[in-house]
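Read through the structure below, which is laid out as structure tokens, and then see the notes.
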Amino acid sequence: MPRPDAAAPASSIEPAEAGLLHRRIRDWFAASARDLPWRRPGCDPWGILVSEFMLQQTPVVRVLPVWEQWMQRWPRPADLAADSAGEAVRAWGRLGYPRRALRLHAAAAAIVDRHGGRVPDDHASLLELPGVGTYTAAAVASFAFGLPETVVDTNIRRVHARLVTGAALPAPTLTAAEMRLAQKLMPGSGTKEWNAGAMELGALICTARSPRCDACPVMDRCAWVKAGRPEPHYVPKGQAWAGTDRQVRGAMMAVLREAESSVPRGILLGSMELAVLPSAYQGPLAALRALPAGDEQLGRALDGLLTDGLAVTAGDGISLPG
DNA sequence: GACACGTGGCA
DNA sequence: TTGCCAAGTGT
């Protein structure tokens with residue numbers, strides 16, 4: 001049975017065709033890449049690792065200012081490891097998914113403990129760091145150390161789906177066929193520029209919505225364009241937000257980030273009046289109170305934060321982890 | 001493999 | 001305005 005959105009067999013890419021794609025995309029990258037600070041020659045592996053953590057599910061424009069602050073404050077892994085996890089979470093600000101801040105802090109500690117304070121330069125060691133999965137390990141190995149790792153992120157998956165497979169979008173989850181295709185497409189040299197170029201092409205040109213095919217360096221080779229740019233075969237599953245525990249957790253985290261010290265549990269749960277509280281977190285607190293969350297959901301959200309280590313019990317209250 | 005997990009910009 | 005989407009990871 002045909003599976004239209006599955007990746008094509010790797011054997012369908014001829015060496016000459018692959019060579020053409022390598023040349024075109026790397027040339028395009030050299031001419032069109034954004035000047036991002038973590039791509040500059042002076043950026044060390046730690047700066048690249050920090051950028052990869054922040055870029056997980058978060059757009060570049062929002063990462064830029066926070067990355068600059070982090071590198072200024074914690075220029076080496078040991079600097080971050082010497083500070084508290086709570087400070088990392090606070091400095092994470094509103095980037096989202098604050099557990100990434102916790103894991104980056106833990107990764108810094110692991111780098112100090114297990115690697116003498118230097119970011120490890122092999123895929124296996126990187127993969128053992130907290131918060132580092134298949135993608136991030138390959139990205140750091142490739143971008144920081146120039147190793148010939150196969151990087152597969154959401155941009156690259158979409159580029160491959162269109163260019164080679166002819167589908168409008170990649171499958172909902174990463175498949176083994178996609179990994180084989182990505183490996184088959186890897187050039188014999190210049191892998192760093194190939195990985196970065198394919199990713200950048202997906203981010204700037206071959207975008208999820210309204211791709212700019214007129215500016216694409218490989219439009220004439222694109223299987224999806226040749227097929228008449230068919231619609232996706234499935235409807236992407238949306239992310240619920242309003243009324244979810246995530247929304248409540250986010251509002252509670254905003255209160256904890258802004259608070260100078262610990263926050264009484266009853267304040268977070270809405271069972272205690274504000275009266276004479278220090279005013280630092282009144283804004284975030286008002287936002288939390290405005291949510292249509294019942295006692296049960298408030299309790300569940302707080303328990304989740306405590307379980308995840310994003311918050312800890314401190315005296316009679318709740319605070320960011322020490 | 002399906003889910004949970006933040007946040008804000010853009011069409 | 002509502003919904004989609006962004007350099008994923010851990011369970």
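Each chain gets a letter, A, B and so on, in the order its sequence line appears, and its residues count up from 1. All values below come from the heavy atoms of this structure, side chains included, with hydrogens, waters and symmetry mates left out.
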| field | Charged N-O contact under 4.0 Å between A:K226 and A:D220 | value | no
| said: Any carboxylate oxygen within less than 4.0 angstrom of a Lys/Arg side-chain nitrogen, looking at A:R40 and A:D35? | reply: yes
How is [X] classified with respect to the nucleic acid when contacts are heavy atoms under 4.0 Å: base, sugar-phosphate, or nothing?
X	answer
A:R300	nothing
A:L36	base
A:W92	nothing
A:T136	sugar-phosphate
A:R158	sugar-phosphate
A:V63	nothing
A:A208	sugar-phosphate
A:T154	sugar-phosphate
A:T134	sugar-phosphate

| Rounding to the closest angstrom, what is the interatomic distance between C:dC5 and B:dC5 at atom C1'? | 15 Å
| message | Say we look at B:dC10 and C:dA7: how far apart would their P atoms be, to the nearest angstrom? | response | 15 Å
| query | Taking any atom under 4.0 angstrom from a heavy atom of chain A, which nucleotides of DNA chain B are the first and last to qualify, 5' to 3'? | reply | B:dC3 to B:dG9
| Greater than 12 external heavy atoms within 6.0 Å of A:R76's CZ | no
| field | Within 6.0 Å of CZ in A:R114, more than 12 heavy atoms from elsewhere | value | yes
| query | Which sits closer to the 5' end of DNA chain C, A:G133 or A:P59, going by the nucleotide each is nearest to? | reply | A:P59
| said: Can you work out whether A:G131 or A:N155 has the more 5'-proximal nearest nucleotide on DNA chain C? | reply: A:N155
| task | Could you tell me from which nucleotide to which nucleotide of DNA chain C, 5' to 3', there is an atom under 4.0 Å from chain A heavy atoms? | result | C:dG3 to C:dG10
| request: Using a cut-off of strictly less than 4.0 Å between a heavy atom of the residue and any atom of DNA chain C, enumerate the qualifying residues of residues 241-250 of chain A by number. | output: none
| Donor-acceptor side-chain pairing of A:Q56 and A:T136 below 3.5 angstrom | yes
